[in-house]
Every structure is written in structure tokens, then in C-alpha cells.
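What follows is one structure encoded as C-alpha cells, with my remarks underneath.
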Amino acid sequence: MTSPTGAESLHPRPELLKWPPRSHEKAQNDPEFATLSQPEFHDMSNEHTSSRELLGWLWRGYLRHYMGLLGIAVVFMLLEGATMGALGYMMQPMFDLVFVAGNTNALVWVSLAFLGIFTLRGVSSVAQKVLLSKVSQTSAAHLRKDMLARLIRQDPSFHQTHAPGLLLQRVQTDVSAINNVWQSMITGAGRDAVALVAVLGVAVSIDWRWTLILLIGVPGLLLPISLVQKYVRRKASEARDLGAALATRLDEIFHGIVPIKLNKLEDYQQKRFGDHTDQFVRAEVKAAFGTSSISGMTDIMAGVGFMAVLLYGGSEIIAGEKTVGQFMSFFTSVGLSFEPMRRLANISGIWQAAAAALERIKALMDAPILLTSPEHPKPAPKGLPGIKLEGVSLNYGEAEILRGLTLEAEAGKTTALVGASGAGKSTIFNLLTRMVDPQMGAVQVGGTAVGDLATDDLRGLFSVVTQEGLLFDETLRENIVLGRTDVSEEALQKALDDSHVSDFLGKLPDGLETMVGPRGSALSGGQRQRVVIARALLRDTPVLLLDEATSALDAQSEKVVQQALDRLAGGRTTLVIAHRLSTVRNADKIVVMERGQVADQGTHEELLERGGIYADLYRLQFQDGKTLLDPQGMAAQIPAVVVQNSAAQPSWLRRMVGRLLS
């Protein structure tokens, strides 16, 4: 992948970045990828962040930016809530003055009062809902943008332990969960709280004893609700983790659909996904049970209070101590209080579910970015820079990848890196582009340590072409220019011609505006490689990194792509990783790597003359002592001394090389 403003080097192929992780089996067998682990879903500790801290973080970072809109919304919520109390209060004159006393004048103003109350309630309800919707949606979008900005700048080690599905779950689903609770909490704190206070105020004004009897069961709810809140928080956290597991499972299934079909894994993957889904459903149901039980307990408490007031107050009505209007006003107020009370009780459960999501989002946002630009970076080197690694050591966990490595790639020349998988070749690319920092040693580009350069300046020196040729699901033009607006049509056409993209461009239905499909699936492997080369040509950087750029192609496609690569490498400092030695015969220097060290180096002829690992690798790829034809049709003869030197090598060395290549 590439960034809109950067090069292929900013997002090299997954193997180069060690991301997405290889399978667990490959990670076990390849020490260069030894730290890769299974996707990590339970990324939170058992100790929960307090609600006050989470709300404070949410307010300071996002909601406070909308204080003006929130203030206006709260005013409308106060008006809507106050109308609940007004409705309860108007029951007394309606019954006492109109229905009982038969006052005709009172009938008019009581009717108009009810009309005014309901009109005010309707207008304020619409206004506060629209304002709250704008605040919640805008702040959620703000949070999503901030999360992507943070996550996209994390170093590869972070992404090794945070699967794509997990990050998708956090950015999309978890933010949506928080978005829902914002409206519920703000509405509850405004409209429902005011409505409850208003109707209880009317009830107290009629008879404070009745009100006290109504609320006598409230203290008994405190402990049960506290226990249920902890239960909901725990189950909601479990559901969030299982949701991330589901998202990751789907991501892996759809990205690996071809291997799944070829290996007849449809039923197996379906069962695994089904098991995850069943666990997710159980966790969600349990969380919903906890949330609903809070409002259920509130209803039971209200029912007990209502019964007690009816028994106590009914006797006073019968005795004539209270009027029918007072009784109806009180019980109307009590009835109107039930719904705000239930919604306020539900907020507790809803908040616990949202807190579980917010807790994980905050953890991601607080995760430190380990690889950053220096505070006072040095200027990027000018011209064609040379590359030098001196005494570099690097470990991935317990695996030792590079051990005191020292090598130099001269400016303007081609240096090839060969060796078995796990020898550390791709790690060198990671070090040069600062995808990882070494534990020891110096890595320099143009005489400047890579850690002294701003990361944008450093990666602006490199273009990377890899064997996968990953593309975005965008138009062909967008995949080449990558968001740049300073590319002229002449420069674009030259890049298309030099990369041989023009050879197949006319066959595409919409030319440069053709959609290439997910990961470039609408193009062949050779076509994708040529598109990536066109990117690099357009980028025109002084250093070129080629990582098995032709290994996945057929002979015809390889020939075309190799011609484009030769044109691309001209006048640049080039490093090439290759397992097929025929592709690096003409390199100015070939560096043979073994177990994180330089085992040998020299030209193709010098290495064959000396024998050793390179000669063994070359002999094993071809036929001993026979004339060979490389992909360009050039004759190549392995000198007899190679066969002699190879035969003279210890049998254990020959067996080791054979096992590595197998």
C-alpha cells in the first residue's frame, strides 16, 4: 500500500512490514517473523477505568467543542421536561373547577393551557432532538477521524498485536455504541431529570406524605443496581471482545477466500464463525438482561409505592380530607414520572455498555507511538545517497534476527541481498525505512543516521516494489498518482510508457478510470506489478528497494516487468532481495546473508570462483557444470572450480543449504 502523499515505501508489502501477520505456522518456522502472534482481542486489563475518568476524557476531547449547541439543546430539554410537571398540575383545576364545580369560564382557559403545553412540548422535543443528533454525529465523526489518524501512524509492532478486525470494531462499532449513549445520557440529564423533578414537585405540593410513601422503596434499590451495573460492564466488555473476534474472522475469510476454496475449508470456517457468533449472542443477551433488569426493578419499586399511596391516600379521599382534583393531579404526576424514571434507570445500564467500548477506544488512543521523528531533524541527504549498516543487531522477542550486521551499498549502484528465508533480508528494508529500530548499531543513508531524519523525509528517499503489488479498490489513475495533484499528464504518460502499463491500458474498459477491484483483483499479477512500477517511476526517488519483484510472475510477464525494473533502477541506489539468483547476476555487488550476518559478498563471478554458500545456492538452483540459459537468454557457464569447491564443502553444510532451499 501507499499513502496519498508518499511512496510505496510508506506501506510496503505485508511481508516487508510484517503486517498483516503471516499464519501461525509460518511464524513458528521463520525466526524473522517469530514475534508475530495470533490476533489479540482482549486488549484491556481486568481493572476498569472509572466512569468519571472516561466521561472527563470524552468531554475534554470532544463534547466540550459543542458547548453552544449543547446549551441550546439543554434549554429545549428543560422546557420539554417542565411540560410534564405542567400537565400534572393542570389535572387539579380540570377536575375541581371544570368537572366537579362546572365552571364554564375555567373550561376555556384550562383547554387553552393544555393546548399551549402540548405545543411547547412538541416544538421543544423536535428542536432538542435535532441539535443532539448533530452534536452526537459530529463528535462521533471527530472521534473516528482522530482514531484513524492515531492508528495509521502506529509502528508495525503495534499492528502485529492488533488485528484489522479488532481495529475495525473499535473505529466503527464501538464508536457507534458511544454515539448512542451520548444522546441517552444528555437527554436523561436534561429532559428526563427535569421532568422527574417537575412532576415530583407537583406531587410534593399536593401532599409530601404521599410522596414520601411513594419513594420509600428507593434506598432498597441502591445495592441491587450497583451489582447489576458491574455485571453489565463485565458482559459488555466480553461482547465487545467477541465482536472484534467476529470482525477479524470475517476479514480473514473474505481476504483468504481463494485458499479456503482450494483447501475445501468452507464448512470449517463456517463452523468457526458460527461458534464465535453463538458466543457473541450469549454475551449480548446477558448484557441486555442486566440493562433491562435495572428498569424492571424500578418498575417494581414504583408499583409498590403506588399501591401504598393508593391505600393511604384513598382513605383520605373517602374521609373528605382531599379533593378528587388533588388526588387526580397527584396520581397523574406519579404516572407521568414512571417513564422518565425508567429511562433514567436505563441510563446506568446503557452507560456501562458504552463504558466498555469507550475504555477500549481510550486505550488505543493512549497507546504510545514508538517510532517518531526527532525533535530537531537533520535535512535529508541530497543527490544519490549511499547506504551503510554497521554493527547492527536486532531481536524480535527471543528471536535474534540480525547479529552485528555490517554492509554497505554504494551510491548509484545495485546491491543484491541473497540468502535463505529468515536470514534478515527484509529486516534490512525495515531498518532503512524505519519501520523498526535496531537494538544496537548504526543505520545510515547518505551519511546521516535514519533516526536523525524526519520520518517523512526519510521515507521520501525510497520507492519499494514488492512481489504482491497491492493496490487500492480505486481507479487505475488513483492507484498510480496516489492523491497527488502536481502530476502533469506528460509525466504520467511517460511513467505509463516506461512501466509498460500502456501495453494493456487500451484493453481496459475505462482506461485510467477503470476500477481495479479489491486489492487490484481486476488485474493480473503482471499488470499489478507494472502499476506499482509506474508509481515508483512517478515518484522518482533516489533509492529503490526491490523485494522479490518478479518471483510470482510467469516467464512472459517477468520479462516485461524486468525490463521496466531495469529502466526504473537506472541512475538510482538500488537494493534487491532475490531468491532466484539469475535475476541478480548483473548486480554490482551481491551480499550473501546467513543467520543475520554477512557470510560473503562480491560480484557474481567472484562468488562463484570462491565457492561457499552462494556457489552452493547457485548449483542447487541449476544443473552442475552444464550450460544454462537465464531469463534473458544469455548463456551462463558454472566454472568447474565451483563444482570442485562445492564438492569439497562439508556434507553437513550441503545438507543445511538443501534444507533451507527446500
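When a residue number appears, it is its place in the shown sequence, counting from 1.
- Of the possible polar contacts, none joining the R535 side chain to the V531 backbone as a donor-acceptor pair under 3.5 Å is found.
- When the options I369, D366, L364 are evaluated for a side-chain contact (heavy atoms from CB on, under 4.5 Å) with R150, the one that passes is I369.
- Residue L523 holds its CG atom at 11.5 Å from CD of Q529, rounded to the nearest 0.5 Å.
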Stepwise side chain to side chain contact (heavy atoms under 4.5 Å, CB included) check, L70 with L132: CA-CA 7 Å; L70 283 174; L132 281 181; 4.1 Å; yes
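- Side-chain contact, T466 with D547: no donor N or O sits under 3.5 Å from an acceptor N or O.
- No side-chain heavy atom of E410 sits under 4.5 Å from any side-chain heavy atom of D588.
- When all heavy atoms are compared, the tightest approach of G517 to A522 is N-CB, 4.3 Å.
- Atom CG of L471 sits about 9.5 Å away from atom OG of S521, to the nearest 0.5 Å.
- By the 6.0 Å contact criterion, CD on E408 is enclosed, its count of non-hydrogen atoms from other residues, nucleotides or ligands being greater than 12.
- The main-chain N or O of S133 is found under 3.5 Å from a side-chain atom of S136 such that the two form a donor-acceptor pair.
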Could you check L545 against V465 for side chain to side chain contact (heavy atoms under 4.5 Å, CB included), going step by step and ending with a plain yes or no? CA-CA 6 Å; L545 305 180; V465 179; over 6 Å; no
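- P438 pairs with exactly one of I401, L389, V392 by the side-chain contact (heavy atoms from CB on, under 4.5 Å) rule, that one being V392.
- Contact between S139 and Y62 at its shortest, heavy atoms only, is O-CD2, 4.2 Å.
- The CZ atom of F504 lies 5.5 Å from the CZ atom of R530; values are rounded to the nearest 0.5 Å.
- Under the 3.5 Å distance criterion, the side-chain polar atoms of T433 are left unmatched by any main-chain donor or acceptor of R459.
- In this structure the side chain of F429 reaches within 4.5 angstrom of the side chain of L417, judged on heavy atoms.
- For Q279 and D275, the side-chain atoms include no donor-acceptor pair closer than 3.5 Å.
- For the atom pair Q169 CD and L242 CG, the distance stands at 9.5 Å (nearest 0.5 Å).
- Of all heavy-atom pairs between E513 and T475, the closest is O-CG2, 3.6 Å.
- Of the possible polar contacts, none joining the Q269 side chain to the I253 backbone as a donor-acceptor pair under 3.5 Å is found.
- Residues L538 and R484 come closest through the heavy atom pair O-NH1, 3.3 Å.
- One finds no salt bridge joining R170 and E359 here, because no Lys/Arg side-chain nitrogen approaches an Asp/Glu carboxylate oxygen to under 4.0 Å.
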Walk me through it: do D540 and R572 pass the test side chain to side chain contact (heavy atoms under 4.5 Å, CB included)? CA-CA 9 Å; D540 194 22; R572 290 179 171 83; 2.6 Å; yes
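- Ion pairing between R434 and D437 holds under the 4.0 Å rule for side-chain N and carboxylate O.
- Looking at heavy atoms from C-beta onward, L370 lies out of side-chain contact with F158 at the 4.5 angstrom threshold.
- Residues S499 and A495 come closest through the heavy atom pair OG-O, 2.7 Å.
- Between T573 and P542, the closest side-chain pair of non-hydrogen atoms is not below 4.5 Å.
- Note that CD1 of I533 and CG of D498 are 10.5 Å apart. Values are rounded to the nearest 0.5 Å.
- Taking the ring centroids of H276 and F280, they lie at or beyond the 6.0 Å cut-off.
- Side chain of N479 to backbone of F472: a donor-acceptor contact under 3.5 angstrom is found.
- When only modelled atom types and interatomic distance are considered, R144 and S176 share a side-chain donor-acceptor pair under 3.5 Å.
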Could you check H604 against V584 for side chain to side chain contact (heavy atoms under 4.5 Å, CB included), going step by step and ending with a plain yes or no? CA-CA 8 Å; H604 173 73; V584 297; over 6 Å; no
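- Judged by distance alone, the side chain of K425 and the main-chain N or O of G419 form a donor-acceptor pair under 3.5 Å.
- The closest side-chain heavy-atom distance from H159 to Q154 is below 4.5 Å.
- Contact annotation: the side chain of V543 never approaches that of L432 to less than 4.5 Å [non-hydrogen atoms, C-beta and beyond].
- Side-chain contact check for V481 versus L492: some heavy-atom pair is nearer than 4.5 Å.
- Between H65 and H142, the ring-plane angle classifies as tilted under the 30° and 60° cut-offs.
- Contact record, T455 with S373: N-OG, 2.9 Å, taken as the closest heavy-atom pair.
- The CG atom of L546 sits 9.5 Å away from atom CD1 of I577, with the distance rounded to the nearest 0.5 Å.
- Side-chain contact check for L405 versus T427: every heavy-atom pair is 4.5 Å or farther apart.
- Within 6.0 Å of the NZ atom in K413, the count of heavy atoms belonging to other residues, nucleotides or ligands does not exceed 12.
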